[in-house]
Amino acid sequence: MSSRARYLVTADDFRIWPAARSEIVAINEACFPPGDIDFIDEKNITLMPHYGLDEAERARDHELRVVLEGKLFPEAVKILNDYHGIDRSERYWKILIGHWFRRTLLLTINRVRTVEKAIELMGANRYIAYQPCLEYLTAIGSHEARNQPGDRAWNSMIYGYITKLLFRDSCQVILVKHQPIESKIKNFFLKDKILDWILSGVSFSLGLFSKSKDVFIYKSYIRPWDKICLHFKLKQVPQLWYSVEYNLTAKVNKTTRGYLASEFEGPKNCRVEQAFRHIFFRIMPRAFIEGFEELKRCAACQRWPNSPRAIFTSNAFDTNDVFKFWLANHTALGVPYYVGQHGANYGTSRYANPTIEEITADKFLTWGWEDSSSKYVRGDMVFNGAERLRPRKRGGLLLVLPTANPQNNTWDDYSLYSYFLMEVQEFIRNLSRNVKPMLTVRLHPDHSRAGFQEMCKLKAFDSTLLIDDASPFHKLLTQNRLVVYAYDSTGFLEALASNFPTMAFWPFGLSYVRPSVRKYYQRLINAGILFTDAPAICASEISSNWCFMHEWWSRPEVQEARLLFCDRFARNRRGELCRTLFQLLSD
């Protein structure tokens, strides 16, 4: 190990930064204050080349994820079955932990590749990390676990685990005790509490009229009136099912987790696989190890049908552990399980296809697209009033932005977002003088949680920008004549399906789109709706058509491209969704 200290830094947690004048390798822009360029020179920081943004790197990591998921998941299932004294299928466990398993694998790929690059390319040979604490690393359940990658201390412990395990000969890991920052007391909202009591009471009252063989429709995203009609067509009393939250009392058992981790050990020829095997059972949510019996009892206490004819959901399959446990046990008994699409990127994303919910469902109801498998049923979009939205002919321009993902991908999300914001600035800079004052930038609802501080960075770029992060979105939308989406989102599909004048620019092109569906996106590009090259061209087109935006949107070539795309990915046939769902659930 070199005597010249060169420290790896993974976050702006200055409590574990090295002493002043030390050489520092920062993994991305999230390691220093937003907008403070001088901070880099002042602290002698070298910013590491961004990892995973190259298309070849993404493709390679995706293939690795597919191979390791297919190899390691069956091994994990056997260990879990043996530990709990049960014999459940891979599908059973994929319903319970499949989403968490995949996210953890993606995260491991990113962390291992990042440390590799920091040490082998940038010469980092020291890392100050928080001492691993299993109580801190292990979430209670899936919901809490989903947010952990955005936590600086949690990441520090994971990076420390990986660095010490794989690179102990070339990088010294210096461990310090973690002292959590005292959290602020949450405000008590009496109105929310009263609403919660009301919903619980209504759910209980309606549940008295349910039958054990009712079709169970839970978190479906279907509009209330349509859902009531669907219940009556299925000859059952409409329900407002309510899930009782659980709070596990089981504590982390270090001995048990050490034993499970030893059972999961394997070959050491692949760094990613070695790291994943090392951390998997050590950081698994308590609900699936120590709290498994408590979760079982909680699921048994739900006032849900005992022998449902079928189960349908559009959104409870990921982080609702009580529902997932109940679901897994009923699917094991042969109850049909159906899932409805609830957002964008299904059927189109190269790296997420197929999702865990697609794999585990008996039937998957899409928004119009089809697949070679008979599992997929062609359906329609789930709307929440967006189909009635109309533009204001003399209104403004609304630019809708994403936010930085909490580092749950194989690539570096923060670096990706830094580049993306530069492209957004290029778009704004090229708007004409009569359009720019009418621009409103809409931030993603989760922007404050991600910690990227888009508001500060955009204001530093242009203090006159009108930035919105709180107004009801649909109300904000109708104040504008055109909406521009800077990412492939559910809102983009809703706007196209509702025939609201829409454009989009995606700075990273179509590399993330499955080759089989790129022709549909190409039609949007040809029609001037979607731009995948320079955002300045999109801004120029808006400026050119600004005074007659309605006429531009009504052009035959624009409408034909919109309709073709919507028929595949955002079908909107009034009343058809419930008819399709009724046919599916009554078979």
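- Residues R282 and Y161 form a side-chain contact, since some pair of their non-hydrogen atoms from C-beta on lies under 4.5 Å apart.
- Rounded to the nearest 0.5 angstrom, L399 CG and D468 CG are separated by 12.0 Å.
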Checklist entry - Stepwise, does the salt bridge (charged side-chain N to carboxylate O under 4.0 Å, His left out) test hold for R65 with E69? => result CA-CA 6 Å; R65 191 274 297 169; E69 188 172 305; 3.2 Å; yes

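- A salt bridge is defined here as a Lys NZ or Arg NE, NH1 or NH2 lying under 4.0 Å from an Asp or Glu carboxylate O, and E290 with R257 meets this definition.
- With W93 as the partner, the ring pair (Phe, Tyr, Trp, His ring centres under 6.0 Å) test is satisfied by one option alone out of W100, F288, F292: F292.
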Item to check | Stepwise side-chain contact (heavy atoms from CB on, under 4.5 Å) test for Y218 and S243 | outcome: CA-CA 10 Å; Y218 184 60; S243 174; 2.8 Å; yes

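- Salt bridge K71/E273: present, at least one basic N to carboxylate O contact under 4.0 Å.
- Taking the six-membered ring where the residue is Trp, H99 and F317 present parallel rings, their angle staying beneath 30° rather than reaching 60°.
- Residues W17 and C31 come closest through the heavy atom pair CZ2-O, 3.1 Å.
- Look at E116 and R113 and you find a salt bridge, because one of the NZ, NE, NH1 or NH2 atoms lies within 4.0 Å of a carboxylate O, short of that distance.
- Taking the side chain as every heavy atom from C-beta outward, N110 and N409 never approach each other to under 4.5 Å.
- Residues passing the ring-ring contact (aromatic ring centres under 6.0 Å, His included) test with F73, sequence neighbours excluded: F101.
- With contacts defined as side-chain heavy-atom distances shorter than 4.5 Å, the pair V173/Y159 does not qualify.
- Annotation for M455 and D469: closest pair CE-OD2, 3.9 Å, computed over non-hydrogen atoms.
- K375 meets the salt bridge (charged side-chain N to carboxylate O under 4.0 Å, His left out) test with no other residue; sequence neighbours excluded.
- Between I27 and D412, the shortest heavy-atom contact is O-OD2, 3.6 Å.
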Next on the checklist: If you apply the rule side chain to side chain donor-acceptor pair (under 3.5 Å), what do you find for S142 with K324, and how did you get there?
Outcome noted: CA-CA 10 Å; S142 301; K324 289 191 299 180; 3.2 Å; yes

Next on the checklist: Pair Y417, Y414 - check ring-ring contact (aromatic ring centres under 6.0 Å, His included), show working.
Outcome noted: CA-CA 5 Å; Y417 200 75; Y414 275 93; 8.3 Å; no

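- Classification of the H330-W326 ring pair by plane angle, with boundaries at 30° and 60°, yields tilted.
- Between the side chain of R6 and the backbone N or O of N125, no donor-acceptor pair lies under 3.5 Å.
- In this structure, S170 and I119 approach most closely via the heavy-atom pair OG-CG2, 3.7 Å.
- At a threshold of 4.5 Å between non-hydrogen side-chain atoms, the residues F325 and Y92 count as touching.
- Considering only heavy atoms from C-beta on, T256 comes within 4.5 Å of Y83 through its side chain.
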Please tabulate, for side-chain N and O atoms in residues 262-270, each donor-acceptor pair with protein atoms closer than 3.5 Å (sequence neighbours left out).
{"residue": "S262", "atom": "OG", "partner": "Y259", "partner atom": "O", "Å": "2.6"}

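- Of the candidates F420, F505, F461, Y485, F427 forms a ring pair (Phe, Tyr, Trp, His ring centres under 6.0 Å) with just one, namely F505.
- Remark: H444 pairs with no residue by the ring-ring contact (aromatic ring centres under 6.0 Å, His included) rule, at least two apart or across chains.
- Salt-bridge annotation for K78 and D82: present, with a side-chain N of the basic residue lying under 4.0 Å from a carboxylate O of the acidic one.
- M48 pairs in a side chain to side chain contact (heavy atoms under 4.5 Å, CB included) with only one of the listed residues (N28, V25, L121), which is V25.
- Y130 pairs by the ring-ring contact (aromatic ring centres under 6.0 Å, His included) definition with H178, not counting sequence neighbours.
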Checklist entry - Where do F167 and Y127 land on the ring-ring contact (aromatic ring centres under 6.0 Å, His included) test, with the steps shown first? => result CA-CA 11 Å; F167 304 97; Y127 180 53; over 10 Å; no

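- Across all their heavy atoms, A287 and L295 have their closest contact at O-CD2, 3.9 Å.
- The number of heavy atoms from other shown groups lying within 6.0 Å of NZ (K459) is above 12.
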Next on the checklist: Does R111 form a side chain to side chain donor-acceptor pair (under 3.5 Å) with N155? I'd like the steps, not just the answer.
Outcome noted: CA-CA 9 Å; R111 303 306 190 266; N155 267 297; 2.8 Å; yes

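- The two residues G160 and A129 make their nearest non-hydrogen contact at CA-CB, 4.0 Å.
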Item to check | Steps toward ring-ring contact (aromatic ring centres under 6.0 Å, His included) verdict (Y512, W411) | outcome: CA-CA 12 Å; Y512 74 95; W411 54 86; 9.4 Å; no

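- Considering only residues two or more places apart in sequence or on other chains, A536 meets the side-chain contact (heavy atoms from CB on, under 4.5 Å) condition with E426, N430.
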